[in-house]
Amino acid sequence: MSDTPQGEINAETTGNAAEGGAKDFIRTFIDEDLATGRYTHVHTRFPPEPNGYLHIGHAKSICLNFGIAGDYQGKCNLRFDDTNPAKEETEYVDSIKDDIRWLGFDWGESEFYASDYFDQLFDWAKQLIGKGLAYVDSLSPDEIRAHRGTPTEAGRNSPFRDRTVEENISMFEAMRAGEYPDGAHVLRAKIDMAHPNINMRDPTMYRIRRAHHHRTGDTWCIYPTYDWAHGQSDSIEGITHSICTLEFENHRPLYDWFLEKLEVYRPRQIEFARLNLSYTLMSKRRLLELVKEGHVSGWDDPRMPTICGLRRRGFTPQALRAFARGIGVAKRDSMIDVAFLEFCLREDLNTAAERRMLVLNPLKVVLTNYPEQQEEWFEADNNPEDAAAGHRKIPFSRELYIEQDDFMEDPPKKYFRLSPGKEIRLKHAYYITCDEVIKDAAGNVVELRCSYDPESRGGGTPDGRKVKGTSHWVSAAHAVDSEVRLYDRLFSVEDPADTAEGQDWRDLINKDSCEVLTGCKAEPALAQAAPETVFQFLRQGYFVADRRDHTPEHPVFNRAVGLRDTWAKVQKNG
RNA sequence: UGGGGCGUCGGCAAGUGGUAAGCCACCAGGUUUUGGUCCUGGCAUGCGCAGGUUCGAAUCCUGCCGCCCCAGCCA
């Protein structure tokens, strides 16, 4: 698949035809809108609030919005919903842009901010006041809440609801001018305090808040609420299809009300279910806590479901896009099995990642019949799934390391790796037979004495005899010591968001989610790996040279995902 | 007891009145110099439940049941 994200129509961006799949309900709506002439083109937007790092749930939305723009030869804007200066920071806007670009999408010149529209929004607010559709309320937050009513009881009008247009205008101007302390007044839409939809019970449009805004600095002391800003921002940008998550469905009548009263262009809002992934959390608040409380090393900790975390873990943009395409889009709440995410990565990397050999837990092997000073170099294919990946040289010598798991002194029936008297193949090299087991005082196996068959050079013999097992190995003299980080799911339960009464979600964190191995033995070519290069370590899994810590002097690899392990399954099922 | 949504295989998800796609997971075989990949086969007489309409219903009607969202001057 190409890396071209936008504008180009192909199987990857359409996510249907080529796979024989059906269109999701959003694209079906768009088809209808185009057919009926409700809209003549397609223009979407991805509207993050810069108050945290993007996670895989955002990736779903990004792929959806940019993907649709691509499918319909339309455009997709990037718009930062920065209406709450208390929580937003430039660090976040930068990380968001990095992540979207890395995912493979390009918004061109279409980078906007809700704060670009503060002046327009202010004028529109006055317009509504002028129409008698908005008023300055001087109730305290508690009083406003008390007046709002409950889902089953109507609210009550604020005593300030009937201020004159003149008074409202002058007070609103005074709010902006900084003549009142924070929280003294708010501007509210005048709709219906008895409305069955609580969002329509005179929602707040502006609040007084002296906070430094990451873009407008201190020029404003009143800020629009999201509800007041969002629909108009879409309208200003000429968005045709405003795609958002389910929780905003209740707000749609409000957005439509504002647009209707303002008599401006109206986009169509379509809601879909947000992504939930098993064994992790998606709430920004929780992710922030994980970082701030030090449960993880940062936003890009390889166990985090953030885009930068997945990137550091070894995920590829291709795998993430395939994942987004594969899970579909619908309105029902769902929980995606993390196994599907892992599948998407393996599927991409099986053809994309070059193979290398690295021994995680080394066990020394001495080939007693191999000449002491001899050394030879075997040629190994970099990827059996891709001839174009070429070959590399691997050194072989008398002393080697194999995986501790690849030897058992007293093996069960179906074990076909090395054991006393048994013969296996060393990948790309020779057949070896285990002749003697050396143990330390405590009885631990510390070394194997084996003999090799010179006839088996390359991995086969003239007599054509078969060996059941093939192990990876590394020449001891040439091995490069490496650090390998084995990651596992961050939480020990499928749905950590679903905590029982009195239970702290922190207790659900998987204490064994990161195992650091040192002294792993890597084939020499691995020291040269550039950071972020992903490899398949033969028979083990996909590993990436850590983006931050990997150097030729101190190689560090993160396990992105293990290979499917049928042997482990056989053992487990007895 | 209000309003808005949603209920199709263990997990996703097509299906829009004509007799239940596909993917993941799982199971059983085959190939294999990775117990990987790949290939083959299996996996919902059933679509939340109960009635009804119809020659025919996951699709239409009625009534139940269950789950999610909404009472921020968060987004």
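Order of the sequence lines fixes the chain letters, A, B, ..., with proteins taken first and strands second; residue numbering starts at 1 for each chain. All values derive from a computational prediction rather than experimental measurement.
- For the ring pair (Phe, Tyr, Trp, His ring centres under 6.0 Å) with A:His185, the qualifying choice from A:Tyr180, A:Phe160, A:Tyr206 is A:Tyr180, the only one to do so.
- A salt bridge links A:Glu247 and A:Arg274; the closest N-O separation between the charged side-chain nitrogens and carboxylate oxygens is under 4.0 Å.
- At the heavy-atom level, A:Lys569 lies under 4.0 Å from the strands shown only through sugar-phosphate atoms.
- Straight-line distance between the P atoms of B:C23 and B:A14: roughly 15 Å, to the nearest whole Å.
- The residue A:Leu139 sits close to a base: some heavy atom pair falls under 4.0 Å.
- Ion pairing of A:Arg539 with A:Glu403 is absent here, as no side-chain N (NZ or NE/NH1/NH2) approaches a carboxylate O to less than 4.0 Å.
- For A:Pro196, the side-chain atoms get nearest to B:G2 when compared with the rest of B:U8, B:A75, B:G2.
- Comparing B:G35, B:G36, B:C70 by their nearest atom to the side chain of A:Leu563 picks out B:G36.
- If you check B:C24, B:A13, B:C6 against the side chain of A:Lys331, the one that comes closest is B:C6.
- Within the 4.0 angstrom heavy-atom criterion, only backbone atoms of the sugar-phosphate kind lie near A:Asn84; the bases stay farther away.
- Between A:Asp33 and A:Arg268 there is a salt bridge, with a side-chain nitrogen of the basic residue lying less than 4.0 Å from a carboxylate oxygen of the acidic one.
- With a cut-off of 3.5 Å on both Watson-Crick or G-U wobble distances, the partner of B:C73 is given as none.
- Residue contacts shown for A:Arg425 include a base, since a base heavy atom lies under 4.0 Å away.
- One finds a salt bridge joining A:Asp453 and A:Arg465 here, because a Lys/Arg side-chain nitrogen approaches an Asp/Glu carboxylate oxygen to under 4.0 Å.
- In this entry B:G7 has B:C65 as its Watson-Crick or G-U wobble partner, both defining distances falling under 3.5 Å.
- Nearest nucleotide to the A:Arg355 side chain, out of B:A75, B:U34, B:G35: B:U34.
- Taking the side chain of A:Leu246 as heavy atoms from C-beta on, and the options B:G5, B:A75, B:G36, the nearest nucleotide is B:G5.
- Annotation: A:Tyr279 is not in aromatic contact with A:Phe491 [ring centroid separation under 6.0 Å not met].
- A salt bridge links A:Asp234 with A:Arg79: at least one charged nitrogen is closer than 4.0 Å to a carboxylate oxygen.
- In the set B:A25, B:U34, B:A75, B:U34 carries the atom at the smallest distance from any side-chain atom of A:Pro384.
- Within residues 250-258 of chain A, the residues having any heavy atom closer than 4.0 Å to RNA chain B are, in order of number, A:Asn250, A:His251.
- At the heavy-atom level, A:Thr150 lies under 4.0 Å from base atoms of the strands shown.
- Of all nucleotides listed (B:G4, B:C12, B:A75), B:C12 comes nearest to the side chain of A:Ile327.
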